[in-house]
2 protein chains.
Amino acid sequence: MTMGNTGGRRKPPTIHDVAREAGVSRGTVSRVLNGGHYVSPTAAEAVNAAIRKTGYVVNRHARSLITGRSDSVGFLLTEPQERFFEDPNFNVLLRGCTQALAAHDIPLLLMLAGTDDERRRITRYITAGHVDGVLLVSSHSGDPVAEELRAAGVPLVACGKPIGLGSKVSYVAADDRDGARDMVRHLLALGRRRIGVVTGPQDTPGGVERLAGYREVLAEAGVEADERLVVPGDYSRASGEAAAERLLARAPDVDAVFVASDLMAQGVLTALHRAGRRVPEDVAVGGFDDSPAAVAATPELTTIRQPWDRISAEMVRVLLAQMGGEDQAAVILPTELVKRDST
Amino acid sequence: MTMGNTGGRRKPPTIHDVAREAGVSRGTVSRVLNGGHYVSPTAAEAVNAAIRKTGYVVNRHARSLITGRSDSVGFLLTEPQERFFEDPNFNVLLRGCTQALAAHDIPLLLMLAGTDDERRRITRYITAGHVDGVLLVSSHSGDPVAEELRAAGVPLVACGKPIGLGSKVSYVAADDRDGARDMVRHLLALGRRRIGVVTGPQDTPGGVERLAGYREVLAEAGVEADERLVVPGDYSRASGEAAAERLLARAPDVDAVFVASDLMAQGVLTALHRAGRRVPEDVAVGGFDDSPAAVAATPELTTIRQPWDRISAEMVRVLLAQMGGEDQAAVILPTELVKRDST
DNA sequence: TTCTCTACTGTGAACGCTCACAGAAGCATG
DNA sequence: CATGCTTCTGTGAGCGTTCACAGTAGAGAA
């Protein structure tokens, strides 16, 4: 009696065992597994019973070996730093993608490519066919990985419109420009006229679009543009604080600020508080993202909600479509103004 | 000329191509790939050159098929809700694990098992051998998945000591009890004697241990225990706010609060502020985690830092050891008191 | 010389699956 | 009765690797 199985892993049943159990051939079992076409109802039932009885689970390695597909998808992060992991939106995105893929029984491989070295390794890994498609999260422009993957013909969907990659890559994004427009219109409706803006980095699509929306609405409303009201930030809390200080120095009569991220808006609030300006009485502050930071702030931030749950679902949908041979596509999803206490 | 290769994926080189290029046999190439033992220097050099020239990457599916290993590791989350994804520590953990595994060229599969249905599916998937080991993140007790995986002999490392699973499962944890002791000692050293505590859920190891540490230090210091000073929370910001209100009602003379998480501590600060108590003058507040919430709070929180980067590294180390046949182990890592403005 | 031992190399046989193909059976059509 | 078509089923080949084994060559010992 050598078969102890004391905690060890038993050899799992193969398609052969199922076939024998069901009294059919491998081929028939395989057909049942892959959609059940050209299988008689009797045979199908016998196979399903045998699968239940044996506890059979298809060996994906064997399947992948012959099909050339891996039935898995990569979630690729090409940020140099931990920035993304501190962004709560990122989590919602990751979770949403994992769940949406799980519904298709597709596992998600998390890949981090921070350094050049890692980028090379990951690119090799992906182009070698170990994932069937890639969900790309990389805000900055000129990402060489995206370009290489695209050139290698790997199905690819980016989160946010990639800058400088031509139009050849699919993406799903919130309507940043429209969200910014909503916010600035909201501030105008409150009677504010000296509206400042703290921008995001101008090498990110969000940074560019949100600033553009701000400019458009002011122009449409006939409010005089004043470049002293425009200060750059990098999405970090600290940069928001510094930007607000510059803004106050350059345009002391500012009566509202549109900040391109909630995190920066937190910094702006801190700086305004220190300068003795009341929010929203003296200066109204509008954020962007509707992240947890928005409700954590005092006062709670009026902000623009990005539909992250829909974004993740759409990214997966577009990627699967592309893996199925469809052409690339761009999906733009609407944002929503969330009014709280800071305006 | 049918070979257009217009964006499509070329057939990747196989071990055969490398062998032919190097003028050796498959076997020799395979040996080079797997450590290079019993290979002459000349042959090894020829093979390596051929690999570089052809751009060969080993087909993991083929390898896995025969070895029975998958060379990948699962990161399993069995939380019913999105709780974890809102926890910044979780991100650090996930990132740390991904990086530590990447150093061994092992991809990480992210698995979410929120519902019973998903749990079943994931358990099947794992026990079918599609990952070689599992990093488990599940704070609550009585997790059936962990038990099943353990029974199936799947290498497993938990984050935090699993409650009610016997001692048969490896885990890596911060020294919650010792961290709590440090914090309470710190509060005592400031001269506080009416020290309240907002606990975490008592079905989580952290919740239990942090409370225990609190009680121990007070007992050692000869401070009278008062159950009115002990109020439960669930790690959420809202529960911290509610807890602080109860605490103030039950023990108005409280002069310090040890809060079992930074997020709850934020809520505590809000409630104290509303009640007109100054922090730290009237009431000192100590948090736990050193999450971003700690510096986002006003005043910035004194807290206990958990060594998340080391925790992830250790989890991976222990898991790999276990996959290599070593016995299970428990690793407890020290915490650190971070003094800021709230005490 | 002959034998043994070590270092190295090549080869066939798997691993578990899908795919292409061939064949069988049933039925309608010529 | 032959022919074609459709639906179903079984079989052999092969995906790219590792593993076990059988060699070969050269060095050292008997």
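Lettering of chains follows the sequences in order, A, B, ..., and the numbering in each one begins at 1.
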Protein within reach of the bases, or only the backbone? For nucleotides 6-16 of chain C, mark each nucleotide 5' to 3' as B, S or -, using heavy atoms under 4.0 Å. --BBBBBBBBB

Ignoring hydrogens, what is the shortest heavy-atom contact between A:Val39 and A:Ala43? Give both atom names and the distance. CG1-CB, 3.9 Å

Between the two ends of the helix from C:dT1-D:dA30 to C:dG30-D:dC1, what is the bend in degrees, rounded to 10 degrees, where each end axis spans five pairs? 60°

Any residue meeting side-chain hydrogen bond (donor to acceptor under 3.5 Å, both in side chains) with A:Arg124, in chain and number order, not counting sequence neighbours: none

Rounded to the Å, how far apart are A:Arg60 CZ and D:dT17 P? 21 Å

What pairs with B:Asp105 under side-chain hydrogen bond (donor to acceptor under 3.5 Å, both in side chains), at least two apart in sequence or on another chain? A:Arg121

Sequence neighbours excluded, which residues qualify as side-chain hydrogen bond (donor to acceptor under 3.5 Å, both in side chains) partners of B:Glu314? B:Arg317

Looking at B:Thr67, I'd like to know whether one of its side-chain N or O atoms comes within less than 4.0 Å of OP1 or OP2 on D:dT18. no

Could you tell me which residues satisfy salt bridge (Lys or Arg N to Asp or Glu O under 4.0 Å) with A:Glu148, sequence neighbours excluded, listed by chain and number? none

Contacts of A:Gln322 that satisfy side-chain hydrogen bond (donor to acceptor under 3.5 Å, both in side chains) - sequence neighbours left out: A:Ser170

Could you list the residues that satisfy side-chain contact (heavy atoms from CB on, under 4.5 Å) with B:Ala50, not counting sequence neighbours? B:Val18, B:Glu21, B:Ala22

Show every donor-acceptor pair shorter than 3.5 Å between a side-chain atom in residues 64-76 of chain A and any protein atom, with sequence neighbours excluded, or say none if there are none.
unit_1, atom_1, unit_2, atom_2, d
A:Ser64, OG, A:Arg60, O, 2.8
A:Ser64, OG, A:Arg69, O, 2.9
A:Thr67, OG1, A:Arg63, O, 3.0
A:Thr67, OG1, A:Arg69, N, 3.2
A:Arg69, NH1, A:Asp71, OD1, 3.2
A:Ser70, OG, A:Ser72, N, 3.4
A:Ser70, OG, A:Ser72, OG, 3.1
A:Ser70, OG, A:His130, O, 3.2
A:Ser70, OG, A:Asp132, N, 3.4
A:Ser70, OG, A:Asp132, OD1, 3.2
A:Ser72, OG, A:His130, O, 3.4

